[in-house]
*Asks:* 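Would you mind keeping the following structure in view while I ask a few things?
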Amino acid sequence: MKLIRFGEAGKEKTGVIINDKKYDTSAFGEDYGETFFENDGLTRLSYFLEDSLLPEITEDVRLGSPLARPSKIVCIGLNYVDHAKETNATPPTEPVIFMKSTTAIAGPFDNIIIPKNSVKTDWEVELAIVIGKKASYVSEADAMDYVAGYVLHNDVSEREFQIERGGTWDKGKGCDTFAPIGPFFATKDEISDPHNLRLWLKVNGKIMQDGTTANFIFDIPHLISYTSQFMTLLPGDIISTGTPAGVGLGMKPPVYLRAGDVIELGIDGLGEAKQTLVAYS
């Protein structure tokens, strides 16, 4: 299944995509969040779809994040060798974990707000995993059983805040609108091999990133197992798996986003998104 949420920001309704058409599932009565995933919502929703005549959604409707706000967004840094090299970082021997604020979540076609006083806002196309059930001290052998599905994520980053201001990376990652997600959530069965997906990103029509998840340093079972050793992952939580080479920070000289710039990005099987940069006001 492919799940969407649509409508005014903060008041999204639930929906699905069937044969490339969007349908309203708000009569199902549940948002796509922790309680939904925890209580086998995907199975229950599939039965609901079999027995329901769904109203179609117009093409001009706004799409929000396909997931209601999760308990956390866990991000993995430097998970592609080429990206580590371009940022002059040593490829890690263990996954690098940081957190992204859930208040950063935005829709896949919403504007990205350049934060107040920002001069180094950057882009990162990433495959994100959505957790389907509570996970603590999970083994790698069992890890894929905890995956509900996948989404496209732009891990927008402010590099001065992240790197030059001291402390952790988190404050350069969690600004409002810095986590556009979607256009849809794809259940695990929709993606035959998450370790062989092309992911790409353009800025103003120019390809900046063009990579493949085949180049992960740490694969998905390892990331889930490793993360679950340090925190309990709840249903609906997101693990964003890192970005390939081609970010603005890695260019010589570095290139950063300005108001009016347009980002387009996509991943095989997970659709495409488009965001316009606007200045903070």
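Note that the structure is predicted; figures quoted are calculated from it, not measured. Side chains are part of it too, since the values below use all heavy atoms of this structure and drop only hydrogens, waters and symmetry mates.
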*Asks:* Let's go through Phe6 and Glu12 carefully: what are the C-alpha distance in whole Å and the side-chain angles of both, what is the deciding distance for side chain to side chain contact (heavy atoms under 4.5 Å, CB included) to 0.1 Å, and is it a yes or a no?
*Replies:* CA-CA 5 Å; Phe6 68 96; Glu12 289 90 350; over 6 Å; no
*Asks:* List the steps, then state whether side chain to side chain contact (heavy atoms under 4.5 Å, CB included) holds for Lys2 with Thr187.
*Replies:* CA-CA 7 Å; Lys2 296 177 180 177; Thr187 50; over 6 Å; no
*Asks:* Would you say that more than 12 heavy atoms from the other residues, nucleotides or ligands in this model lie under 6.0 Å from the NZ of Lys274, or not?
*Replies:*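 Not buried by this count: 12 neighbours or fewer within 6.0 Å.
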*Asks:* Taking all non-hydrogen atoms of both residues, which atom of Ser228 and which atom of Ala135 are closest, and how far apart?
*Replies:*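 Answer, listing the atom of Ser228 first, then Ala135: CB-O, 4.0 Å.
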*Asks:* Under the 3.5 angstrom rule, does the side chain of Thr177 hit a backbone N or O of Ile113 as a donor-acceptor pair?
*Replies:*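 The answer is yes, because a donor-acceptor pair under 3.5 Å joins these two groups.
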*Asks:* Output every pair passing ring pair (Phe, Tyr, Trp, His ring centres under 6.0 Å) with a member in residues 22-69, not counting sequence neighbours, ordered by first then second residue.
*Replies:* Phe28-Phe48, Tyr32-Phe36, Phe37-Phe185
*Asks:* If a pair satisfies side chain to side chain donor-acceptor pair (under 3.5 Å) and one of its residues is in residues 212-224, list it, with sequence neighbours excluded.
*Replies:* Glu140-His222
*Asks:* Between Leu63 and Lys22, which heavy-atom pair has the shortest distance, and what is it?
*Replies:*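 Looks like CD1-CE, 4.0 Å.
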*Asks:* Does Gly246 offer a backbone N or O that forms a donor-acceptor pair with the side chain of Trp123 under 3.5 Å?
*Replies:* yes
*Asks:* What distance separates Glu34 CD from Asn39 CG, expressed to the nearest 0.5 Å?
*Replies:*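 Output value for this atom pair is 9.5 Å.
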*Asks:* Sorted by first residue and then second, give each salt bridge (charged side-chain N to carboxylate O under 4.0 Å, His left out) pair with at least one member in residues 44-54; sequence neighbours left out.
*Replies:* Glu30-Arg44
*Asks:* Could you see if Ile112 belongs to whatever hydrophobic cluster contains Leu265? Use Ile, Leu, Val, Met, Phe, Trp, Tyr and a side-chain cutoff under 4.5 Å.
*Replies:* yes
*Asks:* Going by salt bridge (charged side-chain N to carboxylate O under 4.0 Å, His left out), name the residues that satisfy it together with Glu124, two or more places apart in sequence or in a different chain.
*Replies:*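 If we apply the salt bridge (charged side-chain N to carboxylate O under 4.0 Å, His left out) test to Glu124, skipping adjacent residues, the hits are Arg159, Lys173.
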*Asks:* Walk me through whether Val255 and Asp122 qualify under side chain to side chain contact (heavy atoms under 4.5 Å, CB included).
*Replies:* CA-CA 8 Å; Val255 175; Asp122 202 350; over 6 Å; no
*Asks:* Would a single hydrophobic cluster contain both Leu45 and Ile18, if residues Ile, Leu, Val, Met, Phe, Trp and Tyr are joined by side-chain heavy-atom contacts under 4.5 Å?
*Replies:*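 Same cluster: Ile18 reaches Leu45 through Ile, Leu, Val, Met, Phe, Trp or Tyr contacts under 4.5 Å.
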*Asks:* With sequence neighbours excluded, what pairs up with Glu164 under the side chain to side chain donor-acceptor pair (under 3.5 Å) test?
*Replies:*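 Only Lys120 meet the side chain to side chain donor-acceptor pair (under 3.5 Å) criterion with Glu164.
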*Asks:* Quick one: which residue pairs count as a salt bridge (charged side-chain N to carboxylate O under 4.0 Å, His left out) with a foot in residues 245-257, not counting sequence neighbours?
*Replies:* none
*Asks:* Are Leu67 and Ile73 connected, step by step, through hydrophobic side chains (Ile, Leu, Val, Met, Phe, Trp, Tyr) whose heavy atoms are closer than 4.5 Å?
*Replies:*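 They do share one cluster, since a chain of ILVMFWY contacts under 4.5 Å joins Leu67 to Ile73.
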*Asks:* Applying salt bridge (charged side-chain N to carboxylate O under 4.0 Å, His left out), which residue pairs with at least one partner in residues 90-109 are found, sequence neighbours left out?
*Replies:* Lys100-Asp155
*Asks:* Heavy-atom distance under 4.5 Å between the side chains of Met144 and Ile220, does that happen here?
*Replies:*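 Met144 reaches Ile220 side chain to side chain.
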*Asks:* State plainly whether one hydrophobic cluster holds both Tyr146 and Leu3, where clusters connect Ile, Leu, Val, Met, Phe, Trp and Tyr through side-chain heavy atoms under 4.5 angstrom apart.
*Replies:*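 Hydrophobic grouping puts Tyr146 apart from Leu3.
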*Asks:* Side chains of Thr232 and Lys134: does their closest heavy-atom pair fall under 4.5 Å?
*Replies:* yes
*Asks:* Is there a donor-acceptor pair under 3.5 Å between the side chain of Glu38 and the backbone N or O of Gly33?
*Replies:*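 No, Glu38 side chain to Gly33 backbone: no donor-acceptor pair under 3.5 Å.
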*Asks:* If you look only at pairs with a residue in residues 201-210, which of them pass as a side chain to side chain donor-acceptor pair (under 3.5 Å), with sequence neighbours excluded?
*Replies:*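 Applying side chain to side chain donor-acceptor pair (under 3.5 Å) to every pair that reaches into residues 201-210, excluding sequence neighbours, yields Arg198-Asp210, Asn204-Asp261, Gln209-Thr243.
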*Asks:* With the side chain counted from C-beta on, respond yes when Leu78 and Pro91 share a heavy-atom pair under 4.5 Å apart, and no when they do not.
*Replies:* no
*Asks:* Taking Glu264's backbone N and O only, do any of them form a donor-acceptor pair with Gln275's side chain (distance below 3.5 Å, no angle check)?
*Replies:* no
*Asks:* How would you list, by chain and number, every residue that makes a salt bridge (charged side-chain N to carboxylate O under 4.0 Å, His left out) with Glu160, sequence neighbours excluded?
*Replies:*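 Partners of Glu160 under the salt bridge (charged side-chain N to carboxylate O under 4.0 Å, His left out) test: none.
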*Asks:* Cut-off 3.5 Å, side chains only: do Thr25 and Thr14 have a donor facing an acceptor?
*Replies:* yes
*Asks:* To the nearest 0.5 Å, how far apart are CG in Leu199 and CG in Leu152?
*Replies:*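 Answer for the CG-CG pair, Leu199 versus Leu152, is 8.5 Å.
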*Asks:* Is it the case that the side chain of Asp24 and the backbone of Pro55 share a donor-acceptor pair, with hydrogens and angles ignored and the cut-off at 3.5 Å?
*Replies:*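 No.
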*Asks:* Would you find more than 12 non-hydrogen atoms of other residues, nucleotides or ligands less than 6.0 Å from Lys171 atom NZ?
*Replies:* yes
*Asks:* Kindly indicate, with the supporting measurements, whether the criterion side chain to side chain contact (heavy atoms under 4.5 Å, CB included) is fulfilled by Met1 and Ile17.
*Replies:* CA-CA 7 Å; Met1 286 188 291; Ile17 298 176; over 6 Å; no
*Asks:* Are Val151 and Ile129 packed together at the side-chain level, in the sense that at least one heavy-atom pair is separated by less than 4.5 angstrom?
*Replies:*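 Side-chain contact under 4.5 Å: no.
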*Asks:* Which pairs, with at least one residue in residues 55-98 and sequence neighbours excluded, count as a ring pair (Phe, Tyr, Trp, His ring centres under 6.0 Å)?
*Replies:*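 Qualifying pairs, neighbours excluded: Tyr80-Phe216, Phe98-Trp169.
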*Asks:* Looking only at side-chain N and O atoms, does Ser118 offer a donor or acceptor that is under 3.5 Å from a partner on Thr121?
*Replies:* yes
*Asks:* Would you kindly say whether Asn79 and Thr241 are connected by a side-chain donor-acceptor distance under 3.5 Å?
*Replies:* no
*Asks:* Tell me if a side-chain donor or acceptor on Glu158 pairs with a main-chain N or O of Phe161 at a distance below 3.5 Å.
*Replies:* yes
*Asks:* So, for Asp237 and Ser71, which heavy atoms are closest and what is the spacing to 0.1 Å?
*Replies:*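 In terms of heavy atoms, the two residues are closest at OD1-OG, 2.6 Å.
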*Asks:* May I ask you to test the Glu190-Leu270 pair for a side-chain heavy-atom distance under 4.5 Å?
*Replies:* no
*Asks:* To the nearest 0.5 Å, what is the distance between CD1 on Ile267 and CG on Leu197?
*Replies:*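 Rounded to the nearest 0.5 Å, the CD1-CG separation comes to 7.0 Å.
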*Asks:* Looking only at heavy atoms, what is the nearest atom pair of Ala273 and Phe109, with distance?
*Replies:* CA-CE2, 3.8 Å
*Asks:* Tell me, do Lys133 and Leu234 make a side-chain contact under 4.5 Å, heavy atoms counted?
*Replies:* no
*Asks:* So, Arg5 and Asp31, do they make that salt bridge, N to O below 4.0 Å?
*Replies:*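 Looking at Arg5 and Asp31, the cut-off is met.
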*Asks:* Check whether Thr227 reaches the backbone of Ile224 with its side chain - one donor and one acceptor, N or O, closer than 3.5 Å.
*Replies:*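 No.
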*Asks:* Are any non-hydrogen side-chain atoms of Val74 and Ser240 less than 4.5 angstrom apart?
*Replies:*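 Result no, sub-4.5 Å side-chain heavy-atom pair not found.
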*Asks:* If you measure from OG on Ser157 to CG on Leu249, what distance do you get to the nearest 0.5 Å?
*Replies:* 9.0 Å
*Asks:* Looking at every heavy atom in both Arg258 and Val119, which two are closest together, and how far apart are they?
*Replies:* NH1-O, 3.4 Å
*Asks:* Determine whether Ile239 and Ile131 make a side-chain contact, defined as any pair of heavy atoms from C-beta on separated by less than 4.5 Å.
*Replies:* yes
*Asks:* Quick one: ring pair (Phe, Tyr, Trp, His ring centres under 6.0 Å) pairs with a partner in residues 256-281, sequence neighbours left out?
*Replies:* none
*Asks:* Is there a donor-acceptor contact under 3.5 Å from the side chain of Ser52 to the main chain of Leu49?
*Replies:* no
*Asks:* Grab the two heavy atoms, one from Ser65 and one from Pro108, that are nearest each other, plus how far apart they are.
*Replies:* N-CD, 4.4 Å
*Asks:* Same cluster or not: Leu201 versus Val262, using hydrophobic residues (I, L, V, M, F, W, Y) connected whenever any side-chain heavy atoms lie under 4.5 Å apart?
*Replies:*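 Not linked; separate clusters.
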*Asks:* Could you note down all residue pairs passing side chain to side chain donor-acceptor pair (under 3.5 Å) where residues 101-113 supplies at least one of them, sequence neighbours left out?
*Replies:* Arg62-Asp110, Ser101-Thr103
